[in-house]
There are 2 protein chains.
Amino acid sequence: MPTYSDNGPDPSEQDTNLPPPEQHARQYAAVRDAHETELIEDYVELIGDLLDHAGEARATDIAARMGVRQATVARMIRRLNDQGLVTNEPYRSIFLTERGRTMAEESRKRHGVVLQFLRSLGVDDATARIDAEGMEHHVSETTLGIMHEFTRRQNNGGD
Amino acid sequence: MPTYSDNGPDPSEQDTNLPPPEQHARQYAAVRDAHETELIEDYVELIGDLLDHAGEARATDIAARMGVRQATVARMIRRLNDQGLVTNEPYRSIFLTERGRTMAEESRKRHGVVLQFLRSLGVDDATARIDAEGMEHHVSETTLGIMHEFTRRQNNGGD
DNA sequence: TGCACAGTTTAGCCTTGGCTAAAAAAGTTT
DNA sequence: AAACTTTTTTAGCCAAGGCTAAACTGTGCA
C-alpha cells in the first residue's frame with residue numbers, strides 16, 4: 001500500500017543546507033526550460049480549447065483571452081506556424097497540426113490534473129484556476145502522477 | 001452566436017467550459033506578473049542563502065548556482081541595486097538591504113512550505129526540489145496556507 | 001616588486017514578448 | 001457598389017535575460 005507520508009531522511013535538517021552547486025544550477029535550469037516552452041503551450045492549449053468550444057480560433061478571441069494585443073497574438077501565431085504547431089492562411093482562422101493537437105491535449109490533461117488536485121486540497125475555484133495556470137508547467141510527471149492519485153482517492157473517499 | 005462564454009455553476013461542466021474571457025485574461029496576467037518578479041526573488045533568496053551559509057555572496061558563486069555566466073549575474077546585481085534590494089561596492093561582496101532581507105526571508109519561507117508539502121505528498125527529494133523551485137512563485141497565499149496545514153497534519157499524524 | 005591568474009565589470013549581440021501605429025484585407029450595411 | 005467597421009497583418013520601439021569578448025581590479029606567489 002503506497003502511502004503519502006513516505007518522505008526521506010530527517011526533514012528538519014534538509015532545508016537549512018544548500019544543495020551542491022551543480023544540482024542547484026540544474027534546478028534553475030529546469031525552471032528556465034519550462035519558461036521557454038510554457039507560453040507556447042498556453043497558446044496551443046487555448047487554441048485547442050477555442051476550436052473545441054467555439055468551433056474556430058480567431059486572433060481576436062485569443063487576444064481577449066490571453067489579455068494581450070492582437071499584434072502580439074499575430075506574431076505568436078507565426079512562431080507557432082514556424083514550429084509546425086498550427087496551420088493558418090492569411091486572414092483565416094487558425095487550426096492545429098497533428099503535433100499541435102497532441103501538445104494541446106497533453107497540456108489540457110496536465111492542466112486538468114493540477115486544477116482538480118488543487119480543488120481536492122480545498123482551494124476555492126477561482127484561486128485554483130489562477131494557481132493551476134501558473135503551476136501547470138512546473139510540475140514534473142512524477143508529481144503529476146501523485147497529484148492524480150491523490151485526487152482520485154479524495155473523490156472516491158469523500159463520496 | 002457562440003454560447004460557451006456564459007456558463008453556469010454546474011460543477012460537472014466546469015472543466016469542459018472555458019471561463020469568461022476577462023477572467024481567463026486575468027489568469028494569464030497573473031502568470032505574467034509572477035514571471036516579472038520571480039527571477040528577482042530567486043536571486044535575492046539565493047544571495048540570502050549564501051550569506052547565511054557561506055558568510056558572503058560572491059558573483060562567481062551566484063553564477064555557479066544559478067547556472068548562468070558571471071556577466072549575466074553582474075547585470076542582475078546592478079538591477080537589484082537599482083531596486084534597493086542589495087548593496088554592493090565594485091569588486092566587493094554583495095549584501096542585502098533591509099528590503100532585500102525581507103524579500104529573501106519571505107521567499108525562503110514560501111519555498112520551504114512548497115518543498116515540504118511536496119515531500120509530504122510523497123514526492124522524492126530531488127524531484128520535489130526541482131518542482132518547488134518552479135512552483136514557488138505561482139502559489140497564492142490561500143493555497144500556501146492550505147499546503148502548510150496539510151504538511152503539518154501529515155507530519156503530526158504520520159509520526 | 002612584479003607578474004599571472006582569478007574574479008568582476010562593461011560593451012555589445014541575440015531572442016522573446018509586451019506595446020503602438022498604420023496598412024491591408026474581409027465583412028457588413030446602406 | 002461604395003462606404004464604413006472589424007479583423008488581421010506588418011513595422012518598429014522597448015525591456016528582460018541569456019550569451020561572448022574584452023577590459024579592468026585585486027590577490028597571491030615567485
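Residue numbering restarts at 1 for every chain, and letters A, B, ... go by the order of the sequence lines. On a predicted model such as this, the values are computed, not experimentally measured, just so you know.
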How close or far is atom [atom2] of [N] from atom [atom1] of [X], stated in whole angstroms?
X	N	atom1	atom2	value
B:Glu89	D:dT25	CD	P	16 Å
B:Glu36	D:dC14	CD	P	18 Å
B:Arg78	D:dA16	CZ	P	11 Å
A:Asn88	D:dT8	CG	C1'	11 Å
B:Ile77	D:dG18	CD1	C1'	16 Å
A:Tyr28	D:dG18	OH	P	12 Å
A:His35	D:dG18	NE2	C1'	14 Å
B:Glu41	D:dA16	CD	C1'	16 Å

- Message: If the condition is salt bridge (Lys or Arg N to Asp or Glu O under 4.0 Å), which residues does B:Arg108 pass it with, not counting sequence neighbours?
- Response: B:Glu105
- Task: Please identify each residue that fulfils salt bridge (Lys or Arg N to Asp or Glu O under 4.0 Å) with A:Arg152, with sequence neighbours left out.
- Result: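 Residues passing salt bridge (Lys or Arg N to Asp or Glu O under 4.0 Å) with A:Arg152: A:Glu149.
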- With sequence neighbours excluded, residues passing side chain to side chain donor-acceptor pair (under 3.5 Å) with B:Gln27: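 Residues passing side chain to side chain donor-acceptor pair (under 3.5 Å) with B:Gln27: none at all.
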- Task: Could you name each residue pair satisfying ring pair (Phe, Tyr, Trp, His ring centres under 6.0 Å) that touches residues 71-116 of chain A, not counting sequence neighbours?
- Result: none
- Task: Would you indicate, yes or no, if C:dT8 has its OP1 or OP2 atom less than 4.0 angstrom from a side-chain nitrogen or oxygen of B:Thr60?
- Result: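 Answer is yes, contact under 4.0 Å.
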- Do A:Arg78 and A:Asp82 sit within salt-bridge range, that is, some charged N less than 4.0 Å from a carboxylate O?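 Here A:Arg78 does not pair with A:Asp82 in a salt bridge, since their nearest N and O are not under 4.0 Å apart.
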- Item | Salt-bridge contact B:Asp125-B:Arg129 (side-chain N to carboxylate O under 4.0 Å) | yes
- Query: What salt bridge (Lys or Arg N to Asp or Glu O under 4.0 Å) pairs are there with at least one residue in residues 134-147 of chain A, not counting sequence neighbours?
  - Reply: A:Arg110-A:Glu141
- Give every residue pair that meets the salt bridge (Lys or Arg N to Asp or Glu O under 4.0 Å) criterion with at least one member in residues 83-102 of chain B, sequence neighbours excluded. B:Glu98-B:Arg101
- What pairs with A:Tyr43 under ring-ring contact (aromatic ring centres under 6.0 Å, His included), at least two apart in sequence or on another chain?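 By the ring-ring contact (aromatic ring centres under 6.0 Å, His included) rule, A:Tyr43 matches no residue at all.
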- Message: Any base atoms under 4.0 Å from A:Ala74, or only sugar-phosphate, or nothing? Heavy atoms, all strands.
- Response: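 Base, at least one base atom sits under 4.0 Å.
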Pairs under 3.5 angstrom, nitrogen or oxygen only, protein versus nucleotides 1-6 of chain D, please.
none

- Query: Could you run down nucleotides 18-26 of chain C 5' to 3' and tag each one B, S or - for protein heavy-atom contact under 4.0 Å?
  - Reply: BBBB--BSS
